[in-house]
Amino acid sequence: GIKLVTIGGGSSYTPELMEGFIKRYEELPIREIWLVDIEAGKEKLDIVGQMAQRMWDASPYDVKVHLTLDRQEALQDANFVTTQFRVGLLDARIKDERIPLSYGMVGQETNGAGGILKAFRTIPVILDIVEDMKQLCPDAWLVNFTNPSGMVTDAVIRYGKWDKVIGLCNVPVNAMMAEPELIGKKPEELIYSFAGLNHFHWHRVHDVSGHDVTRDIIDKMYDGDSGIPANIHDMPFFQEQLQQMNMIPCGYHRYYYRAEEMLAHMLEEYRDPAVGTRAEQVKQTEAELFELYKDPNLDHKPEQLSKRGGAHYSDAACETIASIYANKNTHIVVSTKNNGAVPDLAPDDVVEVSAYIGATGAKPIAFGALAPAEKGWLQVMKNMELCVEEAAVTGDYGLALQAFIINPLIPSGETAKRVLDELLITHKAYLPQF
Ligand code: NAD
Ligand code: G6P
Ligand code: MN
């Protein structure tokens, strides 16, 4: 039997994970699940942990869900470790969003200044987890969902020297679920090729006779659901731009391709106390979800969870684990070491790409070189990530400033430095490296 550990177990997404494992139990026979959290998340852990146990009790399978604040106890002899924690919880995210917006800059969970600060808080913690894994479960796979998922995964390999890691995101899953219907196809009738970075990838689509149908999807995506996650304002891309590149950008590309309009929309919500930033809206949804989870009769994932941007993430997480365990070689879009799949980036850069997932982990599928417009963005973004990661590890203030100045969503100048300083002070308790 398999021992599975989930760090950040108090997340409202935990029922999503349980549903995915219950669905796959026959191919992935889990024996025990350990949900790990910290003191600040204990109440959430208790509520969602009991809900998780009820979900298993309502299934035909005998699985015990352990709840603990002792990470090391949980990691002992684990086979798979999934991470879904948020350092500083939603209150830290509210600051990541509101402080940049108060200076007229994008305030977002994984993009711009907020995304950089989330990396600064998170990377030291993931590196501690990896050190524990080296001692307690050296053969385990780490399946990371914690944002910024690409940078966190890259840091695990580059600085943690831990290769058995796969980074995940639900954005590609959502696109592959929604797009086929736009052109009257079923998911199994289309072949997907993704390449880029987490929250910054593009994809092409072919049908099973080998025809490129990317353009057909581009032409239909303006009239229907293209799978954009619930947390992103649906500002349409310029159609001529997409036709020119003949690729479909990810939902987050809007922050870069329609920067002016996306910022205006965010500022509008931020200035309206009845709306607020995304984290403030999510806090409300989370409170509602935990009220539902408290119900001792609830033993299945509630519909309301689909209001969260990460809906369907278990399709990626549980399928990745099942594919490693049973050597299925399934196509999954993951953050993994490039190894030449995206020749415009270095072989040891973590990229988000189509890959086959099996017993040895991810085998990225060669995508090929990008055209100058996309290559330019990609190289800026990856090198920005590398500055962020190194600053997160060393606490080098000058490098943190470099990351801010390179980031396309942070206009350079006096204000950028002020935003960095204010965020570093605000999050001081979670930034021992600075
Ligand atoms: P959340 O605020 O509910 O946090 C989850 C739990 O992490 C909390 O219970 C918290 O107490 C716990 N935690 C904080 N620090 C911890 C630590 N050091 N060790 C163990 N647990 C700790 O967050 P959420 O909204 O459920 O999101 C969880 C994470 O998953 C976030 O990082 C979020 O950005 C990420 N996420 C990723 C995707 C994706 O596509 N990759 C989608 C959705 C969410
Ligand atoms: C997305 C992303 C996640 C992100 C989340 C935000 O779709 O893929 O990486 O964390 O949704 O959702 P939320 O509901 O927390 O705003
Ligand atoms: Mn994501």
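When a ligand or atom number is given, it counts from 1 through the structure's own listing order. Hydrogens, waters and symmetry mates are skipped; everything else that's a heavy atom, side chains included, is used.
Arg93 does not count as a contact of ligand 1, since none of its heavy atoms falls under 4.0 Å from the ligand. Close to ligand 1: Tyr13, with a non-hydrogen atom less than 4.0 angstrom away. Distances from ligand 2 to the non-hydrogen atoms of Gln281 include no value under 4.0 Å.
Inspection of the Tyr397 and Asp421 side chains reveals an N or O donor paired with an N or O acceptor under 3.5 Å. A donor-acceptor pair shorter than 3.5 Å can be found between the side chains of Ser323 and Thr330.
Closest to atom 4 (C) of ligand 2, if we only count protein heavy atoms, is Glu109 OE1, 3.4 Å. Of the protein's non-hydrogen atoms, the one nearest atom 6 (C) of ligand 1 is Asp37 OD2, 3.6 Å. In terms of protein heavy atoms, atom 7 (O) of ligand 2 is closest to Gly309 O, 2.6 Å. Ranking protein heavy atoms by distance to atom 5 (C) of ligand 1, first place goes to Gln84 O, 3.5 Å. Regarding atom 9 (O) of ligand 2, its nearest protein heavy-atom neighbour is Asn147 ND2, 2.8 Å. Scanning the protein for heavy atoms near atom 15 (N) of ligand 1, the closest one is Ile38 CD1, 3.5 Å. Of the protein's non-hydrogen atoms, the one nearest atom 38 (C) of ligand 1 is Phe145 CZ, 2.9 Å. When only non-hydrogen protein atoms are considered, atom 26 (O) of ligand 1 lies nearest to Ser11 OG, 2.5 Å. In terms of protein heavy atoms, atom 23 (O) of ligand 1 is closest to Arg86 NE, 3.2 Å. Residue, atom and distance of the protein heavy atom nearest to atom 31 (C) of ligand 1 are Phe85 O, 3.4 Å. The nearest protein atom to atom 8 (O) of ligand 2, hydrogens excluded, is given as Asn170 OD1, 2.5 Å; this is a heavy-atom distance.
Near Glu109, meaning under 4.0 Å from one of its heavy atoms, ligand 1 places the atoms 33 (C), 34 (O). Close approach of ligand 1 to Asn170 (heavy-atom distance below 4.0 Å) involves ligand atoms 40 (O). Counting atoms of ligand 1 from 1 in the listed order, those under 4.0 Å from a heavy atom of Cys169 are 39 (C), 40 (O), 41 (N). Atom numbering of ligand 2 starts at 1 in the shown order; those under 4.0 Å from a heavy atom of Pro229 are 7 (O). Short contacts between ligand 1 and Lys118, defined as distances under 4.0 Å to a heavy atom of the residue, involve ligand atoms 31 (C), 32 (O), 34 (O). Counting the atoms of ligand 2 from 1 in the order shown, those under 4.0 Å from a heavy atom of Val171 are 8 (O). Close approach of ligand 1 to Val125 (heavy-atom distance below 4.0 Å) involves ligand atoms 18 (N). Atoms of ligand 2 found under 4.0 Å from any heavy atom of Arg278, numbered from 1 in the order shown, are 13 (P), 14 (O), 16 (O). Atoms of ligand 1 found under 4.0 Å from any heavy atom of Ile7 (numbered from 1 in listed order, with element): 20 (C). Taking every heavy atom of Arg93 and a limit of under 4.0 angstrom, the matching atoms of ligand 2 come to 13 (P), 15 (O), 16 (O). For ligand 2, the atoms sitting less than 4.0 Å from at least one non-hydrogen atom of Cys169 are 8 (O), numbered in the order shown with element in parentheses. Numbered from 1 in the order shown, with element, the atoms of ligand 2 that lie under 4.0 Å from a heavy atom of Val282 read 13 (P), 14 (O), 15 (O), 16 (O).
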Glu269 vs His265, side chain to side chain donor-acceptor pair (under 3.5 Å): CA-CA, chis, key distance, verdict: CA-CA 6 Å; Glu269 292 199 338; His265 175 80; 3.2 Å; yes
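With a 4.0 Å cut-off on non-hydrogen atoms, Phe145 does not touch ligand 2 at all. The residue Gln108 has no part lying near ligand 2, judged by heavy-atom distances below 4.0 Å.
Selection from Lys44, Glu43, Arg308, Glu39 by nearest heavy atom to atom 1 (P) of ligand 1 gives Lys44.
Two rings, from Tyr252 and Phe200, have their centers 6.0 Å or more apart.
Under 2.8 Å from the Mn ion (ligand 3), one finds the following protein N/O/S atoms: Cys169 SG, His199 NE2.
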